[in-house]
Amino acid sequence: MTVITRFAPSPTGFLHIGGARTALFNWLYARHHGGQFRLRIEDTDRARSTPEAMEAIVDGMQWLGLDWDGEVVYQSQQADRHAEVARQLLADGNAYYCYCTPEELAEMREKAKAEGRSLMYDGRWRDRDPSEAPASVDPVVRLKAPQQGETIIEDQVQGNVKFKNDQLDDMVLLRGDGTPTYMLSVVVDDHDMGISHIMRGDDHLNNAARQAQLYKAMGWDMPVFGHIPLIHGADGAKLSKRHGALGIEAYKDMGYLPEAIRNHLLRLGWGHGDDEFISTEQAIEWFDVDGLGKSPSRFDFKKLDNINGYYIRQSDDQTLINLTLPGLSETIGRDLGEVDIERLTAAMPALKERGKSIPELVENAIFLTDTRPLEMDEKSASAVAGDAPKLLAEISVYLKSTEVWDHDALDACVRQFATDREIKFGMVAQPLRAALTGRAKTPGIFDVLTILGKEESLARVADISTKQA
RNA sequence: GGUCCCAUCGUCUAGUGGCCUAGGACGCUGCCCUUUCACGGCGGAAACACGAGUUCGAACCUCGUUGGGAUCACCA
């Protein structure tokens, strides 16, 4: 069987982290099995769908590197087909018109609640003669679902899940205005698109049973379901828009790399032995349902940071430079000049060893673009106090006479100075670092000297050494 | 409340009846490396929710309890 999966978000908001994981799993599953991965926008809810949200979803998918096969399907454009299916169901006696008013329905639920039953429609129009229909009500079309027996979902993740049919009411297929509901639309679209495997959040598990009844009524083959546990917020509750669920672009803005997000999401609800850092290629090779867990997981930013740091170290310098440039420019409030970019380029190999996110890279790169005289942070200020200026004046003599300005030569030079002066290496390195960068967190001192170049380095040192102690 | 799902360190997880005095990762923490910060290396604290049962033997199977979650729309 050819595997065809899909990701079917509703465009009522951004692409949030749970949706992104669902998309990733479906994408991985399709790629692993050499099948297709489709994207369908579920914009059945005309009122709540927005073009901005659709754009955000598409952008998010692209940023994550999840490419889909074929054209994007817009569910709303299939409305006629959905209605046609409803009419067929009606003609076959598998659906019926229901003339209940909203008030009646509300009353029904009140009563059910009071009696401790499920909040279900009681099927009062199921076998009622249409001649009794009130003229003032636009009827909805409901599925005539079986009332006896049970519906079993053979779920790839959850196993066999049984629902008693008397617990499932007759769901609305067509609204009073003739538009299809989600329940109808998903089933028809999944069928028409030939979707073979449906992987989605387990908040849809209950829906699956009712959808199964619809497949059955139409005589269609059922896709294979796989309901994956949800990602919860730090407090263990479902992630929702007002509950810590951020759009995927928020993660981008926070400086996370798509490969890091992918890796972290992959490990939420799926595992492959003790493997932690899993490349996308490996993920495609390994991903299958047997690695999926059944219990919900929580999103842990600390772990994401760690993973992101790993991928930053793995990234090539130019990519990182491109990502750092805009933030750096914004932070220092000016466009970057040629010299700035040269320095950033030279510094990136050292910078990326100690950054967990792009903003951190930016932060750590600021010293490169600072103009003299440098502002000192607290630690640096104390490092250049006291005898430091004198010491720096002496070391600058050594530095000045250095012919070759590279890491090894500078290393030898500064160590020679320390030896000559009979002081510990750290005693000279600390003031030097402070004078050169103004801060405590920096790349190695020889890297800093190399990156800044001889002229700038000596100038920065002179700013301190010539200051009256 | 009805229905459905879930339950191993704080978090993500490995574990599918003996290999478990429960492994890995993040985080926390001690030491080492070291010019700062990271990285890296070596250690440490930290979990099978509870109670029965099945079995020679249970984290793994069964039942119950407790706890958490999802869902019950003319939303998707």
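A, B, ... follow the sequence lines: proteins, then strands. Residue 1 opens every chain. Computed from a predicted model, the values in this text were never measured in an experiment. Values reported hereafter were calculated over all heavy atoms of this structure, with side chains retained and with hydrogens, waters and symmetry mates removed.
Nucleotide B:C72 holds its P atom 14 Å from the CZ atom of A:Arg142, rounded to whole Å. Rounded to whole angstrom, the span from the CD1 atom of A:Ile231 across to the P atom of B:G69 amounts to 17 Å. As rounded to whole Å, 19 Å separates atom P of B:U36 from atom CD of A:Glu378. If you measure from atom NE2 of A:His82 to atom P of B:C74, you get 19 Å, rounded to the nearest angstrom. Rounding to whole angstrom units, CD1 of residue A:Ile451 and P of B:U36 are separated by 17 Å.
Separation of the A:Tyr256 and A:Tyr311 ring centroids does not fall under the 6.0 Å cut-off. Two rings, from A:Tyr251 and A:Phe299, have their centers less than 6.0 Å apart.
Partners of A:Pro223 under the side-chain contact (heavy atoms from CB on, under 4.5 Å) rule, at least two apart in sequence or in another chain, are A:Ile198, A:Tyr215, A:Phe225. The side-chain contact (heavy atoms from CB on, under 4.5 Å) check on A:Cys100 picks up A:Cys98, A:Glu104, A:Leu105, A:Met108, A:Tyr121, A:Arg124, A:Trp125, with sequence neighbours excluded. Every residue two or more places apart in sequence or in another chain was checked for a side-chain contact (heavy atoms from CB on, under 4.5 Å) with A:Ser382, and none qualifies.
Aromatic ring orientation, A:Tyr182 versus A:His204: tilted (interplanar angle from 30° to 60°).
Look at B:U34: it lacks any Watson-Crick or wobble partner with both distances under 3.5 angstrom. A 3.5 Å limit on both hydrogen-bonding distances identifies B:G69 as the Watson-Crick or G-U partner of B:C4. When both distances must be under 3.5 Å, the Watson-Crick or G-U wobble mate of B:A52 is B:U62. Across all strands shown, B:G43 forms a Watson-Crick or G-U wobble pair, both distances under 3.5 Å, with B:U29. B:U16 makes up no base pair with any nucleotide shown, lacking Watson-Crick or G-U wobble contacts both under 3.5 Å.
Remark on RNA chain B: of its neighbouring residues A:Gly426 and A:Leu292, the 5'-side contact belongs to A:Leu292, judged by nearest-heavy-atom nucleotide.
B:G23 and B:U55 have their P atoms separated by 30 Å, given to the nearest Å.
In this structure, A:Arg40 is not positioned above the aromatic face of A:Phe7 in the sense of NZ or CZ being under 6.0 Å from the six-membered ring centre and within 45° of the axis.
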Pick out the pairs of N or O atoms, protein on one side and nucleotides 25-29 of chain B on the other, that lie under 3.5 Å.
| unit_1 | atom_1 | unit_2 | atom_2 | d |
| --- | --- | --- | --- | --- |
| B:A25 | O4' | A:Glu276 | OE2 | 3.3 |
| B:A25 | N3 | A:Lys303 | NZ | 3.0 |
| B:C26 | O2' | A:Lys302 | O | 3.4 |
| B:C26 | O2' | A:Lys303 | N | 3.2 |

Could you go through nucleotides 3-9 of chain B and list every protein N or O atom that sits under 3.5 Å from one of its N or O atoms, giving the distance for each pair?
| unit_1 | atom_1 | unit_2 | atom_2 | d |
| --- | --- | --- | --- | --- |
| B:C5 | O3' | A:Gln158 | OE1 | 3.1 |
| B:C5 | O2' | A:Gln158 | OE1 | 3.3 |
| B:C6 | OP1 | A:Lys294 | NZ | 2.5 |

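Candidate nucleotides B:A70, B:U36, B:C39 were compared by shortest atom distance to the side chain of A:Leu230, and B:A70 ranks first.
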Side-chain polar contacts of residues 137-153 of chain A - donor-acceptor pairs under 3.5 angstrom, sequence neighbours left out - could you list them?
| unit_1 | atom_1 | unit_2 | atom_2 | d |
| --- | --- | --- | --- | --- |
| A:Arg142 | NH1 | A:Asp170 | O | 2.6 |
| A:Gln147 | OE1 | A:Arg126 | NH1 | 3.3 |
| A:Thr151 | OG1 | A:Asn165 | OD1 | 2.5 |

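One side chain, A:His82 or A:Ser185, offers a donor N or O that lies under 3.5 Å from an acceptor on the other. Under the 3.5 Å distance criterion, with hydrogens and angles disregarded, a donor-acceptor pair is assigned to the side chains of A:Thr442 and A:Arg433.
With hydrogens and angles left out, the side chain of A:Asn207 and the base of B:A76 share a donor-acceptor pair within 3.5 Å.
Of the side-chain N and O atoms in A:Arg109, none sit less than 4.0 angstrom from OP1 or OP2 of B:G1.
Residue A:Gly355 is out of contact with every strand shown, counting any heavy-atom pair closer than 4.0 Å.
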